[in-house]
Amino acid sequence: MSEPAAPFKAPIGTHDVLGPASASWEGLVTVFAQSAYRYGFSLVMTPIFEDVGVFLRGIGEESDVFKKEMYVFEDRSERRYALRPEGTASIVRAFVQHRPTTPWKAWYLTPAFRYERPQKGRYRQHYQLGVEVLGTDDPAVDVEVIALAHGFYRSIGLRQVRLLINSMGHDVCRATYVKVLRKYLKANQDHLCDEHREIWRENPLRVLDCKRAPCVKVTSEGPMLIDHICDDCRAHFDRVVAGLEALGIESALSPRLVRGFDYYNRTTFEFIADAFDSAQNSIGGGGRYDKLAEELGGKPTSGVGFGIGVERVLLARAAEGIDTELLKRSLDVFVVDTTGDATVSVLVERLREAGIATDRAYDQRSLKAQMKVADKSGARWAVLVGPEELAAVEVTIRDLRSQDFEQTQLRVAQSELVSTVANLLTK
RNA sequence: GUGGGCGUAGCUCAGUUGGUUAGAGCGCCAGGUUGUGGUCCUGGAGGUCGCGGGUUCGAUCCCCGUCGCUCACCCCA
């Protein structure tokens, strides 16, 4: 009647996470969550889609991410939504909506969606771990979030990570600088790269971000934003830099670092993984956004935060050759059963209730087959139940690391199973 | 959106200068004298050779298209 269905695949630029990779993910997230808690952050979850306006205000109508990379859709009531392209805007929207007491310190793990051609370290759905602090412009907070990210990278083993930092000034002093920059670019437009020779006028700051040699040459010889910011912004920036120094965190001033979202002001920073043999070597970044809450309809509230790309961090770890397990997860017991008796399920549950990680074989396969599964499961101990044990109301406990089972195998009463295993596991 | 490379078993890949039943290793399953895993031996299952069309007596192989993967540009995590 119907053709055999072509198997479905995950959409372009998306990935299933399973096998050994899932353990790395779980470990990474666990490490991040632990350090976020140590810094006084709480988990905040927001919907995966928002009114498009949240992102329009947040990341800017002129940004590439907004113009050509957003997953925008209409629901059945013709409301216009978008899958979130980044984490900050949603968190700030939630802040504005709920008015929590400040300073409000939120951490999150979220998928982020961007409609772009996938390549190494760049996906249509990727995951970001991040934090945001709302309600203070104290430079100590800038330092704190940077320290958190920095410490996270270190604790997962990354060593070849560079921190770039810059200040965007605030809207007034930045506007002054943009005029100066525009004048400079006009005088040098013939030396810009093909693309920016035409469009430098629209968004001069973008030219600073261009990686092509002509633009790099022109902009590196031109006026720098950091030299044009006002005294207050400069003082703020100096305190951030001093704070990082006090903590022994190395950073490099990167005067042309201009991040892609329009909401940033003052501090911006980015972490670069040098071992990463790819164009996407930025493994995290963030900055301060003191106008965003207002843009989203709230009271003026300062904010600062960062996002870390989970996939890129994993790729960076691989690039550095780090293969240490972030999270040790292994079974304690594997139950082998050739009887199919209900008693076995009871024993398995008792073990689990006692906090002993236990799995078992199914389908009443042969003893040999079940032992193979037990071996591959990585469990420390095998518990065998055959007709003999069943009749004697006992079980056999076997050390899966030992070569010679005859020597080390032991028989215990079923009632002693949990206490015996618990005891063995403490050794 | 643009360009390059690639698409043969679950995985990693051979192979056919176009010619009968398409191979290996790993993995999986079953055995190796009837209660025991990690080594070893034997056997087995598993493939529309991405999909569609064209050329040809004949295509997995050549050509075109398409889809997918991948890398790069743009931009970003």
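All values derive from a computational prediction rather than experimental measurement. Residue numbering restarts at 1 for every chain, and letters A, B, ... go by the order of the sequence lines.
Between B/G10 and B/C51, the distance separating the two P atoms is 13 Å to the nearest Å. Nucleotides B/U17 and B/A59, compared at atom C1', are 14 Å apart to the nearest Å. B/U2 and B/U12 are spaced 29 Å apart, taking the P atom of each and rounding to whole Å. Between B/G65 and B/G5, the two P atoms lie 13 Å apart (nearest whole Å). Nucleotides B/G47 and B/A14, compared at atom C1', are 15 Å apart to the nearest Å. Nucleotides B/G53 and B/C49 are separated by 13 Å at their P atoms, to the nearest Å. Comparing B/G3 with B/G23, their C1' atoms are spaced 35 Å from each other, to the whole Å. Taking atom C1' in both B/C67 and B/U55, the straight-line distance is 23 Å, to the nearest Å.
For the pair A/P118 and A/E86, nearest-nucleotide mapping onto RNA chain B gives the more 5' position to A/P118. Mapping A/N281 and A/K9 onto RNA chain B by nearest heavy atom places A/K9 closer to the 5' end of the strand.
A/Y127 comes within contact range of no nucleotide atom at all, as no heavy-atom separation falls under 4.0 Å. The residue A/I283 sits close only to the backbone: its heavy atoms come under 4.0 Å of sugar-phosphate atoms, none of a base. Within the 4.0 angstrom heavy-atom criterion, base atoms lie near A/G121.
Classification of A/E50 and A/R80 as a salt-bridged pair fails, no side-chain N sitting under 4.0 Å from a carboxylate O. Between A/R352 and A/E349, at least one side-chain nitrogen of the basic residue sits less than 4.0 Å from a carboxylate oxygen of the acidic one, meeting the salt-bridge criterion. Between A/R93 and A/E295 there is no salt bridge, since none of the side-chain N atoms of the basic residue sits less than 4.0 Å from a carboxylate O of the acidic one.
Between A/K120 atom NZ and B/C73 atom C1' there is a gap of 17 Å when expressed in whole angstrom units. Residue A/I12 contributes atom CD1, which lies 14 Å from atom P of B/C71 at whole-angstrom precision. Following rounding to the nearest Å, A/L315 (CG) and B/U70 (C1') show an atom-to-atom distance of 13 Å. In this structure, CD of A/E311 is placed 13 Å from P of B/A77, rounded to the nearest angstrom. Straight-line distance from the CD atom of A/E69 to the C1' atom of B/A77: 12 Å, rounded to whole Å. Distance A/Y115 OH to B/G1 C1': 9 Å, rounded to the nearest Å. Protein atom CZ of A/R380 is 14 Å distant from nucleotide atom C1' of B/G38, rounded to whole Å. If you take CZ of A/R122 and P of B/C73, they are 8 Å apart, rounded to a whole angstrom.
The side chain of A/Q119 places an N or O atom within less than 4.0 Å of a non-bridging phosphate oxygen (OP1 or OP2) of B/A72.
Remark: the A/T110 side chain and the A/R84 side chain contain an N/O donor-acceptor pair separated by less than 3.5 Å. Side-chain contact annotation: A/T396 with A/Q409, donor-acceptor N/O pair under 3.5 Å absent. Side-chain contact, A/R266 with A/S302: no donor N or O sits under 3.5 Å from an acceptor N or O. Side-chain atoms of A/R365 and A/T338 form no donor-acceptor pair, as typed in the model, at a separation below 3.5 Å. Checking A/D138 against A/T136 by side-chain atom types alone, no donor-acceptor pair falls below 3.5 Å. A/Y127 and A/Q125 share a donor-acceptor pair across their side chains, judged by distance under 3.5 Å alone.
A cation-pi arrangement is found for A/R124 relative to A/Y115, the charged atom lying closer than 6.0 Å to the ring centre and inside a 45° cone about the ring normal.
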Quick one: which protein N/O atoms are closer than 3.5 Å to N/O atoms of nucleotides 44-47 of chain B? Pair and distance per line, please.
none

Under 3.5 Å, N/O pairs linking protein and nucleotides 3-8 of chain B:
from: B/G3; atom 1: O6; to: A/R117; atom 2: NH2; distance (Å): 3.1

Between protein and nucleic acid, restricted to nucleotides 32-34 of chain B and to nitrogen or oxygen atoms under 3.5 Å apart, what atom pairs and distances do you find?
from: B/G32; atom 1: N7; to: A/K368; atom 2: NZ; distance (Å): 3.0
from: B/G32; atom 1: O6; to: A/K368; atom 2: NZ; distance (Å): 3.1

Please list, for nucleotides 26-29 of chain B, all pairs of protein and nucleotide N/O atoms separated by less than 3.5 Å.
from: B/C28; atom 1: OP1; to: A/K376; atom 2: NZ; distance (Å): 2.2
from: B/C28; atom 1: OP2; to: A/K376; atom 2: NZ; distance (Å): 2.7
from: B/C29; atom 1: OP1; to: A/R365; atom 2: NH1; distance (Å): 3.2
from: B/C29; atom 1: OP1; to: A/R365; atom 2: NH2; distance (Å): 2.9

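Between the side chain of A/N166 and the main chain of A/L257, a donor-acceptor pair closer than 3.5 Å is present. Within the 3.5 Å criterion, the main-chain N or O of A/V240 finds no donor-acceptor partner in the side chain of A/D142. A donor-acceptor contact shorter than 3.5 Å is absent between the side chain of A/R360 and the backbone of A/V336. Distance alone, capped at 3.5 Å, is enough to place a donor-acceptor pair between the A/E320 side chain and the A/R159 backbone.
A/I229 has its side chain within reach of A/C173: a pair of non-hydrogen atoms, C-beta onward, lies under 4.5 Å apart.
Of the residues in residues 385-392 of chain A, those lying under 4.0 Å from RNA chain B by heavy-atom distance are A/E388, A/E389.
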If you write RNA chain B from 5' to 3' in dot-bracket form, with Watson-Crick or G-U pairs under 3.5 Å, [ ] for crossing pairs and | for pairs with another strand, what do you get?
(((((((..((((.....[...)))).(((((.......))))).....(((((..]....))))))))))))....
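The aromatic rings of A/Y289 and A/Y263 sit perpendicular to each other, their planes meeting at more than 60°, with 30° as the lower class boundary. Ring pair A/F49/A/Y81 is perpendicular by interplanar angle, where above 60° counts as perpendicular and below 30° as parallel. Taking the six-membered ring where tryptophan is involved, the planes of A/H15 and A/Y123 are perpendicular, since the angle between them exceeds 60° and thus also 30°.
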Could you please spell out the steps behind the salt bridge (Lys or Arg N to Asp or Glu O under 4.0 Å) verdict for A/R288 and A/D137?
CA-CA 8 Å; A/R288 180 161 279 289; A/D137 65 357; 5.9 Å; no
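A/W107 and A/Y39 have their aromatic ring centers separated by at least 6.0 angstrom.
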